[in-house]
Amino acid sequence: MGTKVNIIVGSHVWAEDPEIAWVDGEVVKINGEDAEIQATNGKKIIANLSKLYPKDMEAAPGGVDDMTKLSYLHEPGVLQNLATRYELNEIYTYTGNILIAVNPFQRLPHLYDLHMMQQYKGAPFGELSPHVFAVADVAYRAMINEGKSNSILVSGESGAGKTETTKMLMRYLAYLGGRAATEGRTVEQQVLESNPVLEAFGNAKTVRNNNSSRFGKFVEIQFDKQGRISGAAVRTYLLERSRVCQISDPERNYHCFYLLCAAPQEEVEKYKLGNPKTFHYLNQSNCYDLVGVSDAHEYLATRRAMDIVGISTQEQDAIFRVVAAILHIGNIEFAKGKEADSSVLKDDRSKFHLNTTAELLMCDPGALEDALCKRVMVTPEEVIKRSLDPYNATVSRDGLAKTIYSRLFDWLVDKINSSIGQDAKSKSLIGVLDIYGFESFKLNRISSEEDLGNPSNVRAPPPSSVVVPSPGAVQSPFLGQPEPAPVLLPSEADSAVGNKAIIVYTRRNRREIDKNTMDPSSSKVKLTPSSTQGLRRSLRIKKRMQGFKQATAASGSTDPPTIQTYIDLSRSASPCPPISLKSLVHTASNICGINMKNDALSSLLLSDDSDDGPDLMMVGVGDPSSSRPLDG
C-alpha cells in the first residue's frame, strides 16, 4: 500500500480504475487525505493517498525479464511489466526462480523446437531469456548434480495454459533424459502419448477454456543413475464428478461423450446413441461443438492413442460401452408410484433407456430398476427395503452415473501406468504437478470438488501459468495415499445402489447392543467401513457408544438415554467428541440422502424418551457383507 509521505504534487502514480484495474497519472492537487490525479487517458481521478502507488519513470521501455529488478514491486508495477513484455511477444517473465507465463492464445512453435531445446540445455539459469525449458533444466541439473528429487508446480486460472505448459516440461525432460528408440516405444513417448486419453476423459469446455483439465495430475518421471528416464507414473486426484450430471451454459460435459456421439455410424448404432441434444447429461447447455475441433476426428485420434498406451480393442469397446451407458442412465426419469413416497419409471422412453443401460452394463434390468427406486436399510434384526420418491430416485440415478464414471477414469489411469511401467529401483525423480484449474468471476460458484482441488478459487489471479521449481525430495501428498474424501452430500450419496447400505440402530434394538457389551467388534454389532473416510472420522461411532454406556450407568436407568442425554454428556468432561443435535440431524440426513423437509427423519432424531419413540442411536454407511469393523 502506498503512503502519503511518498506522494506530493507532481508525483507520477498508479490509481485504481474500475474498468482497466490501474491507470497512471500525475498528482495535481492534494486535499488532506485525498489527491486529484490527471490520468494519462484524460480522466480526472480523486483517490485516497493510501491507495496510490508510485510509478517508476525510469523503467526500461521494454520491461525487465526478472521482476525482482523492478524499483517498485507492487501490483500495478508487476502488471504493467507483464503487459509491456506481452506486447513485444515476450510471454515469459521471471520473479526470482518463479516463471510467470501469460497465455498467448496462439501456437508459437518456434519457441519450443529442437533448436530452442539445444540452446537451454546446460545454460545457467537467467543467462538466456525466461523460458519454461530453463525451469525444467534447473530441476534436471539439480537432480543429477545433487542426487535429489525435484518437483515442478504448474498453477493458474482455467485457460491460463497449464496443461500445455506441462506438456512442454515433459517434452524437455524427455529430450534431456531420453534414450534412442529400440524395440517399441520409449517410456517418455508413452507418457506424452497418454495425454490424449486423459484429456478425452478428464477435460471439458469451461467458460474460459475449451480444453480445461477437470482433475489434478501429478506426473512422476523416474530416472536411473545415468540420468536416463527409466520409468514413469501418472497420479490423478479430485476428478470433477459433478460435471457428469450437471453442466452450465455455455460449458460442455467431458469430451468423451461428444466424441462417441460423433463416432462412425456403426459405432453409434451399436451403442444406440444419437445427437447429443437428445441426452439429458449433455443438453443442459446449448454448447455441443467446439470451434475448429472435429469430434469425429478426435474420436479416431483417441482410439489411436489407446492403441499406443496398450489398451486392447476389446477393452476399448468396454470403455465406450460404459460411456454410452452413462448417457442412457441420464435419460431415465421417474414418476410417483402407487404407494406413498415410491417411484416408477416415467414412460416407455425411460424403460428403453433403462433396458439399454442394463444391456450395455451387462446386468439385469429388473435389478437395476430396483436399485434405483429403492434403498436398502440394514438393522441388526432385519433388512428393510425402503422405496424412494422420484426426487431421491433421481439422486440415486445421478450418484450411480458419477460413481461409474469415476471408477472408469481411475481404471484408465491404472491401465496407462501399467503400460508405461514404473522403475521400483529408481533413486531420483522429477514430478510435474498440473494443479486443478479455477475460475474467477464477480460471483464465484465453487463446487466442493473444485474448492478441495484449489483453495485459491475464492479469488484467482489474472490468466497466467506459474511454474515453481522446488528443490529437495518430492513430498507430494498425492503419492501413495488415497484421494481426500469429504462427507458426501445427498446428491453424491451412492448408498442406494450397489452393496452400500444404511445401518440404523434404534431404541428397539438397543437391548441387542447391551447384550454384546457395546463392543463394535462383536458379531451382532458389526459396524462396516464406509467408502468415505471423512464420514468414518466424523461419526466416531465407537466413542459415542461408550458415551451412551456411561450415560446409562450414571443415570442408574436400564432404559437407553435420549440423544439429548448424550449431548449433555459429550459437552462435559467425557471422551466423547462434542456434537450438536442440529449437526447430528443434518449429518444423518446427508448420509441417508433424504430431504428433511419432506421426510420424517428429523422427527425420528428429535423424539423424546417415551416408550413408543424410537431414539436414533447412530447412523452409518457401509457394506453389510464386510467383516471389518468401523474404527473410531
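In what follows, every heavy atom counts, from backbone to side chain, and hydrogens, waters and symmetry copies are set aside. Please read all numbers here as calculations on a predicted model, not as lab measurements.
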With sequence neighbours left out, write down each residue that passes ring pair (Phe, Tyr, Trp, His ring centres under 6.0 Å) with Y258, or none if nothing qualifies.
-> none

Say you draw a straight line from CG of L260 to NE2 of H255; how long is it, rounded to the nearest 0.5 Å?
-> 14.5 Å

Sequence neighbours left out, what passes salt bridge (charged side-chain N to carboxylate O under 4.0 Å, His left out) with E269? Give chain and number order.
-> none

Verify, without hydrogens or angle tests, whether S343 (side chain) and L388 (backbone) share a donor-acceptor contact under 3.5 angstrom.
-> yes

Got a second to check how far I326's CD1 is from L400's CG, nearest 0.5 Å?
-> 8.5 Å

Contacts satisfying salt bridge (charged side-chain N to carboxylate O under 4.0 Å, His left out) that involve residues 274-293 (not counting sequence neighbours) are none

Within 6.0 angstrom of E266 CD, more than 12 heavy atoms from elsewhere = yes

Hits for ring pair (Phe, Tyr, Trp, His ring centres under 6.0 Å) against Y405, two or more places apart or cross-chain, chain-then-number order -> Y254, F257

Residue set satisfying ring pair (Phe, Tyr, Trp, His ring centres under 6.0 Å) with H353, at least two apart, ordered chain then number -> H328

Please tabulate, for side-chain N and O atoms in residues 294-301, each donor-acceptor pair with protein atoms closer than 3.5 Å (sequence neighbours left out).
residue : atom : partner : partner atom : Å
S294    : OG   : H297    : N            : 3.2
D295    : OD2  : R252    : NH1          : 3.4
Y299    : OH   : E267    : OE1          : 3.2
Y299    : OH   : R303    : NE           : 3.0
Y299    : OH   : R303    : NH2          : 3.0

D137: side chain to side chain donor-acceptor pair (under 3.5 Å) partners, not counting sequence neighbours | Y172

Between R214 and E251, is there a salt bridge with N-O shorter than 4.0 Å?
-> no

Judged by modelled atom types alone, do N417 and D414 share a side-chain donor-acceptor pair under 3.5 Å?
-> no

Trace of the side-chain hydrogen bond (donor to acceptor under 3.5 Å, both in side chains) decision for N209 with K162 = CA-CA 11 Å; N209 184 3; K162 297 180 302 302; over 6 Å; no

Test side-chain hydrogen bond (donor to acceptor under 3.5 Å, both in side chains) applied to Y281 and N253, N331, D398, the passing residue = D398

Salt bridge present between E333 and R349 (N-O < 4.0 angstrom) | yes

Salt bridge or not for E157 and R208, using N-O below 4.0 Å?
-> yes

Check salt bridge (charged side-chain N to carboxylate O under 4.0 Å, His left out) between K272 and all other residues, then give those that pass, not counting sequence neighbours.
-> E359

Go through the structure and list residues passing side chain to side chain donor-acceptor pair (under 3.5 Å) with S194, not counting sequence neighbours.
-> none

Without hydrogens or angle criteria, can the side chains of T84 and N81 be said to hold a donor-acceptor pair below 3.5 Å?
-> no

To the nearest 0.5 angstrom, please state how far the CZ atom of F334 sits from the OG atom of S350.
-> 7.5 Å

Residue pair E220 / Q222, side-chain donor-acceptor N/O under 3.5 Å = yes

Counterpart residues, ring pair (Phe, Tyr, Trp, His ring centres under 6.0 Å), relative to Y288 (two or more places apart) | none

Is the closest side-chain heavy-atom distance between K402 and C245 below 4.5 Å?
-> yes

Got I91 and L108 here, is their nearest side-chain heavy-atom distance under 4.5 Å?
-> yes

To the nearest 0.5 Å, what is the distance between CG (N150) and CG (L173)?
-> 10.0 Å

Sub-6.0 Å ring centroid separation between F125 and Y94 | yes

Would you call D434 and S213 a side-chain contact if the rule is heavy atoms closer than 4.5 Å?
-> yes

Spell out, as yes or no, whether a donor-acceptor pair under 3.5 Å connects the side chain of R235 to the backbone of V219.
-> no

Distance in Å, T357 OG1 paired with F352 CZ, rounded so as to fall on 0.5 Å steps = 9.0 Å

Could you list all the salt bridge (charged side-chain N to carboxylate O under 4.0 Å, His left out) pairs where at least one residue sits in residues 305-326, not counting sequence neighbours?
-> K270-D317, E315-K415

Output all residues satisfying side-chain contact (heavy atoms from CB on, under 4.5 Å) with D113, sequence neighbours left out; order by chain, then residue number.
-> H115, M116

Expected output: side-chain D66 to main-chain G96 donor-acceptor under 3.5 Å | yes

Between V197 and A305 the two heavy atoms that sit nearest each other are CG2-CB, 3.7 Å

Is there side-chain contact between W22 and E16, with heavy atoms separated by less than 4.5 Å?
-> yes

